[in-house]
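Every number for a ligand or one of its atoms is a count from 1 in the order of the listing. Scope of the values below: all heavy atoms of this structure, side chains included, with no hydrogens, waters or symmetry mates. Quick caveat, the model's predicted, so the values are computed rather than measured.
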Amino acid sequence: MLGLMMPTPLLVKGLIEHAARWHGSTEIVSRLPEGGPLHRTTYAQVHARARQLAHAFTRLGVAPGARVATLAWNTHRHLELYYGISGLGAVCHTINPRLFFEQLVYIVNHAEDEVLCFDLTFLPLVEKLAPHCPTVRHWVLLTGAAHRPAATSLPGLLDYETLLAAEQPNFEWPELDENTASSLCYTSGTTDQPKGVLYSHRSTLLHSYAASLPDCFGCGARDVVLPVVPMFHVNAWGIPYLAPLNGCKLVMPGPALDPASLFELFESEGVTFSAGVPTIWFGLLQFMREGPRRFSTLRRMIVGGASCPPALLRAFAEELGVEIRHAWGMSETSPLGTVSTLKTNQLSWPPAEQFRELTKQGRAIYGVDMEIVDDAGQPLPHDGVAFGDLLVRGPFIASGYFGGVQSSQFAASGWFRTGDVGTIDAEGFLQITDRSKDVIKSGGEWISSIDLENLAVAHPAVAEAAVIGVPHPKWSERPLLIVVRKPGQQVSAQELLAFYDGKIAAWQRPDAVEFVEQLPHTATGKLLKTQLRQDFAGYELKA
Ligand code: ADP
């Protein structure tokens, strides 16, 4: 027997319609790439302009299913693009400008983008890209006529504000099938070519509900949300969708992601909630300490995308009174998979154990099922000790890559193989120990590079640290610690190795330390260990 409830499809347009109708005057404040004072708009205006935009794209010949690309910072215009493109049934393809040039060319061609909308910052890059991108029919500069370049090699360059000004805000959003594709994001591809993750309206809506829950982002209509995490990668962790769902005020930092600019916005706009990768928060922490400065309104942040070192979590909580929630996810999981918050029974645990639990990547959020398995694919015990390949499944987890690109990650029936390795404890908390290709196997035992890195960055002289496995005559592989020192700080290899004493088993301690000026990163700011392994190929440890 079927239920008797309305079969209203779960569509992205519903989010902005809701915000425009019930939170119409709530502000969206942006720092624009072209400079000038902060730009202020509202959900009602964003909705109206998204409807004008949908008219404009239709006039340019964008049909349902077509890919419209964006190369843009977090601003109100990018938000309008999210809704205007997906709302009309086209696919919003967000492009990460930090990818290598060859990767950018590859993904624009692979996605067969028809329109490319970009911020002024990226004009020189787009001019370079254009001759390699035959599918792109229209180039749209995200600004007004006043900021158009005097000369450009881009054929028929359009500007966003002029396009919009010619249209009425009355586009009728089509009632799409909720499984229609809404947006597309390519993984940063540390080893292979980038792979496209194609989100649907349904998966986006379900992820928005799940990410809104109290133990996840927990944002409401009294929150002021500043996404540091970029809208050009994994939909800024869903914030552009969950903010209108909840009626949050949005503060968009544009290209200014340095600590001073962020702090200024946090304070001037009364930001209560933020989200981003650990590197950003390390920079901000240093800035806060230098003042010393205090936040007047910031209460909570989600930190993920890479392991959040316990030292960061502790510093924000104890020195600045800001709760960090550690989260794990990936492009293929929309991206939120787990978030670390305590359960009732854990409130009676000793503080040190509670803290340890909070430093893990956390519990599966509703909509995500997860398992760890051994090499034979058999589930491992949830005892916080056994570790294996992490598999996930659920309604906002990818079932394949765009364009039929094959991957063994979809081989396990009904599960997606994440490529991460971790433990799950008796309370269901996941701890990521490594990416599967980064695990260090020493004499048959595995050593977690993430654990060793987290401990190293707790040393006051260390700015950043990476640990890789290098060949060893007796143990087959041993950990090598590679360190970037903080400016003006001195610390020796012996001091750093001694810093591990009492914190881990002696056999897990790195065998050697190398100092470098900087570490290589992927386009999404993660350590590029493939590069490090190349750089240190042939490195010899003493037996
Ligand atoms: P990529 O395009 O590089 O895959 P993603 O943004 O999808 O970029 O990155 C996902 C990966 O980032 C995960 O598979 C995991 O290895 C790593 N990651 C994300 N969050 C965390 C975390 N909290 N702790 C450790 N690793 C993380």
S.K.: Taking the six-membered ring for Trp, are W281 and F316 parallel (under 30°), tilted (30 to 60°) or perpendicular (over 60°)?
M.R.: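 Rings of W281 and F316: perpendicular, as their planes differ by over 60°.
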
S.K.: At less than 4.0 angstrom from any non-hydrogen atom of H326, what atoms of ligand 1 do you find?
M.R.: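 With H326 as reference, the close atoms of ligand 1 come out as 22 (C), 23 (N), 24 (N).
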
S.K.: When only distance counts, is G305 in polar contact with ligand 1, meaning an N/O pair under 3.5 Å?
M.R.: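 Between G305 and ligand 1, an N or O pair is found under 3.5 Å apart.
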
S.K.: Please identify which atoms of ligand 1 are closer than 4.0 Å to at least one heavy atom of T187.
M.R.: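 Result: 2 (O).
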
S.K.: State the atoms of ligand 1, each with its element, that fall below the 4.0 Å cut-off from a heavy-atom position in Q361.
M.R.: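 Atoms satisfying the 4.0 Å criterion: 22 (C), 23 (N), 24 (N), 25 (C).
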
S.K.: Looking at ligand 1, does any of its N/O atoms fall within less than 3.5 Å of an N/O of T418?
M.R.: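 So ligand 1 has no N or O lying under 3.5 Å from an N or O of T418.
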
S.K.: Just distances here: any N/O of G304 and N/O of ligand 1 closer than 3.5 Å?
M.R.: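 N/O-N/O distance under 3.5 Å: no.
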
S.K.: Please confirm whether H233 comes within less than 3.5 Å of ligand 1 when only nitrogen or oxygen atoms on both sides are compared.
M.R.: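 Yes; the residue has a nitrogen or oxygen that sits under 3.5 Å from a nitrogen or oxygen of the ligand.
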
S.K.: Quick check on G329 - does any of its heavy atoms sit under 4.0 Å from an atom of ligand 1?
M.R.: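 Judged by the 4.0 Å heavy-atom criterion, G329 does count as contacting ligand 1.
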
S.K.: Heavy atoms only: which of A327, S331, C185 lies closest to atom 23 (N) of ligand 1?
M.R.: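 Result: the heavy atom closest to atom 23 (N) of ligand 1 is in A327.
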
S.K.: Specify side chain, backbone, both or neither for D420, according to which of its non-hydrogen atoms lie closer than 4.0 Å to ligand 1.
M.R.: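 Only the side chain of D420 comes within reach of ligand 1.
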
S.K.: Heavy atom under 4.0 Å from ligand 1: found in P194's side chain, backbone, both, or neither?
M.R.: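 The answer is neither; P194 stays 4.0 Å or more away.
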
S.K.: Is there a donor in the side chain of E514 and an acceptor in the side chain of Y539, or the other way round, less than 3.5 Å apart?
M.R.: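 A pair is found: one side chain offers a donor N or O, the other an acceptor, under 3.5 Å apart.
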
S.K.: For the rings on H207 and Y199, is their centre-to-centre separation under 6.0 Å?
M.R.: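 So the answer is no for these two rings.
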
S.K.: Counting only heavy atoms from other residues, nucleotides and ligands, does the tally under 6.0 Å from NZ of K486 exceed 12?
M.R.: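 Enclosed.
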
S.K.: Report the relative orientation of the aromatic rings in Y106 and Y186; use parallel for angles under 30°, tilted for 30 to 60°, perpendicular for over 60°.
M.R.: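 Ring orientation of Y106 relative to Y186: perpendicular.
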
S.K.: Could you tell me if Y401 and E332 have a donor-acceptor pair between their side chains, going purely by distance under 3.5 Å?
M.R.: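 Per modelled atom types, E332 and Y401 side chains form a pair under 3.5 Å.
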
S.K.: Between the side chains of T70 and H78, does any donor sit under 3.5 Å from an acceptor?
M.R.: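 Checked: T70/H78 side chains pair up, N/O donor to acceptor below 3.5 Å.
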
S.K.: Taking atom CG of L452 and atom CD1 of I468, what is their separation to the nearest 0.5 Å?
M.R.: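 L452 CG to I468 CD1: 12.5 Å, rounded to 0.5 Å.
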
S.K.: For ligand 1, indicate whether the residue R435 contacts it via side chain, backbone, both or neither (heavy-atom separation under 4.0 Å).
M.R.: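 Looking at R435 and ligand 1, just side chain atoms fall under 4.0 Å.
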
S.K.: Between A306 and ligand 1, which part of the residue brings a heavy atom under 4.0 Å of the ligand: side chain, backbone, both or neither?
M.R.: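 The answer is the backbone of A306.
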
S.K.: Is the closest side-chain donor-acceptor distance between N179 and S200 under 3.5 Å?
M.R.: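 S200 and N179 do not have a side-chain donor-acceptor pair below 3.5 Å.
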
S.K.: For ligand 1 and S307, I'd like to know whether there is a polar contact (N/O to N/O, distance under 3.5 Å).
M.R.: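 Indeed, backbone or side chain, S307 has an N or O that close.
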
